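Each remark here refers to the structure printed beneath this line.
Naming convention: chains lettered A, B, ... in sequence-line order (proteins, then strands); numbering from 1 in each chain. Given the structure is predicted, the values throughout are model-derived calculations rather than measurements. These values consider heavy atoms only, across backbone and side chains, with no hydrogens, waters or symmetry-generated copies.
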2 protein chains.
Amino acid sequence: MRQEQGTPDGELRYRKVAAELREAIIAGEYAAGTKLPPEGTLAERYGVSRGTVRHALAVLRSDGLVTSRRGTRRTVLGGPRAQSFSELLSFTNWARSIGETPGGRVDSVVRRPAEPFEAGQLGLADGAEVHLVLRVRTLSGEPVMVERSLYPARIGELVAELPPDTVSHTEALVAHGVLFTDADHTIDLAWADADDVRLLDCPPGQVLLRERRRTTDPEGAPVEWSEDRYLPGTIAFTVHNSVAASTLGRHHSPRGGKG
Amino acid sequence: MRQEQGTPDGELRYRKVAAELREAIIAGEYAAGTKLPPEGTLAERYGVSRGTVRHALAVLRSDGLVTSRRGTRRTVLGGPRAQSFSELLSFTNWARSIGETPGGRVDSVVRRPAEPFEAGQLGLADGAEVHLVLRVRTLSGEPVMVERSLYPARIGELVAELPPDTVSHTEALVAHGVLFTDADHTIDLAWADADDVRLLDCPPGQVLLRERRRTTDPEGAPVEWSEDRYLPGTIAFTVHNSVAASTLGRHHSPRGGKG
DNA sequence: TAGTGGTCTAGACCACGCG
DNA sequence: GCGTGGTCTAGACCACTAT
């Protein structure tokens, strides 16, 4: 049997199906609150197997576009859009996705031995060399965020060689073959220190929205650790989650329901 | 062919495999940075098909426990990180998961026509009746968060009938058969208003960490809209994301703690 | 009872990483 | 070249929802 593993033009089938369904939903062909056709019908319509349709629908589900429930057809949710991996990964990608013009100015680059906390975050031995880059990031020229990025030596050397006007260090690293596949983010509040006050032109002690991020490659090797501090009112993080998306072996037994 | 759809004791196979692999990783059997056995080997070991093994591994992947990459075996990333849907959904569940004692005091319950924004969030017609509950939430008796929850009439009526000392409104609703399956979260900053100042005992204009959340049932019908405002230093939200999925969680950070 | 999504199987071929 | 994960198929049974 023929199964040429993707359409003739090189697209993967499940992605193609997902893309077409996504467009149909956004275009209003499937309005929020209405039901999607059954998997079997979609499989026939797109000329793929049911498994491939399910793969496509899983993508839409994890994006929060549709729900699913055994026994009934899938329901179309509104147009909620969680931030994609690349938008969460890089200030530049995020800014572009909202139609803004990102910018940045490097304030300082330091090359020094890692402190214990830093070594831990990057999975290095105490005292291993790290590169610390302090940058102020702008939207349409206005400072909105201070970024403190820490790189292990092998990555830092690439960063150090970038042209000073490079807007996206992340994209430049990707172009150099560095892979970013997983990231852990922590979001909370922080108080402006002297650097923040100077670079963001805000009052001392100003409360800022802080995002700390640790990014790894497919091998689990840390490639970047960063602490970003945003002025109030400049950013909001959005996330979608569902019972099905993050289900794990957490079975709550019978009906011991409490109030 | 045999395919009894789950083990004899009623467990789903892919969950069982996922759970065993998770425990093995946490127990250190598969150390961080090492490789997992090939899918085929795992399939043989657990007596399931390769598809089921892949399903299990997809769960672990979306929890950030392992990565994957074509051509090489999966890499173990590290300990447990992701939090369950219910921990994210409810302050009570979250507090318990970190070993804290959650509490709450209802400040006011209002029943009135929805304003345009509220109607939009709950998918109701302008002026439809909604229930607004204002509560202060505590950890070990200390106020840490002000919660403004908005319910459509059919849900609000259930909430209104709850005993005044009900700690978890969410759990009570679940016990009444209300289904929570999807949530969209927005995290940013807000400034304390008069209610916040009064209930949290903080200075006027204090910057707070704000989480707004819209929760829907499997049909996509909104069941709750909530705006929660946390004192600085009391909470941190965590997100894990990868090219495949992202999971949001929240963590406790001791008051006044530094980063 | 019919329809639908959830689970599972047993194959197959493809694309990538590495020795 | 070979091992590995990624994609895809065709079919099956099960669990749940709605009629």
Reading DNA chain D from 5' onward, which residue's closest nucleotide shows up sooner: A:G51 or B:R70? B:R70
A:E44 CD to D:dA10 C1', in whole Å, measures 14 Å
Return the value, rounded to whole Å, for the distance between atom CG of A:L36 and atom P of C:dG6. 12 Å
Between atom CG in A:L12 and atom P in C:dC13, what is the gap in whole Å? 18 Å
Without decimals, in angstroms, what is the distance between B:R50 CZ and D:dG5 P? 7 Å
What is the distance from CG of A:L57 to P of C:dG5, rounded to the nearest Å? 8 Å
Measuring from the side chain of A:P38 (C-beta onward, heavy atoms only), which nucleotide among D:dG5, D:dT9, C:dT4 has the closest atom? C:dT4
For a quick test of reading the model: is some side-chain N or O of B:T52 closer than 4.0 Å to OP1 or OP2 of C:dT7? no
Please state whether the phosphate of D:dG6, meaning OP1 or OP2, lies under 4.0 angstrom from any side-chain nitrogen or oxygen of B:R74. yes
Could you give me the CA-CA distance, side-chain angles and deciding distance for B:H131 and B:E157, then say whether side-chain hydrogen bond (donor to acceptor under 3.5 Å, both in side chains) is met? CA-CA 8 Å; B:H131 294 237; B:E157 280 156 17; 4.9 Å; no
Judged by nearest nucleotide, the residue sitting upstream toward the 5' end of DNA chain D, B:P37 or B:E219, is B:P37
Please state how far atom NE2 in A:H55 lies from atom P in D:dG6, giving the value in whole angstrom units. 10 Å
Any A:R13 side-chain N or O less than 4.0 Å from OP1/OP2 of D:dT9: yes
CA sep, side-chain torsions, deciding dist, call: A:R112, A:E129, salt bridge (Lys or Arg N to Asp or Glu O under 4.0 Å): CA-CA 6 Å; A:R112 59 165 169 73; A:E129 186 183 87; over 6 Å; no
If only side-chain N and O atoms of B:S49 are considered, is one of them under 4.0 Å from the OP1 or OP2 phosphate oxygen of C:dG11? no
Are side-chain N/O atoms of B:D228 and B:S226 paired as donor and acceptor at under 3.5 Å? yes
May I ask you to verify if any side-chain N or O of A:T72 is less than 4.0 angstrom from the OP1 or OP2 atom of D:dC16? no
Between B:R54 and D:dG6, is there a side-chain N or O to OP1/OP2 distance below 4.0 Å? yes
Could you state the atom-to-atom distance from NZ of A:K16 to C1' of D:dT7 in whole Å? 16 Å
Nucleotide D:dC13, atom P - distance to OH of B:Y14 in whole Å: 21 Å
Where A:V174 and A:F180 come nearest, the two heavy atoms and their spacing: CG2-CD1, 3.7 Å
Would you kindly say whether A:T67 and A:R74 are connected by a side-chain donor-acceptor distance under 3.5 Å? no
Quick one: label A:R69 by what it contacts on the DNA or RNA (base, sugar-phosphate, nothing), any heavy atom closer than 4.0 Å. sugar-phosphate
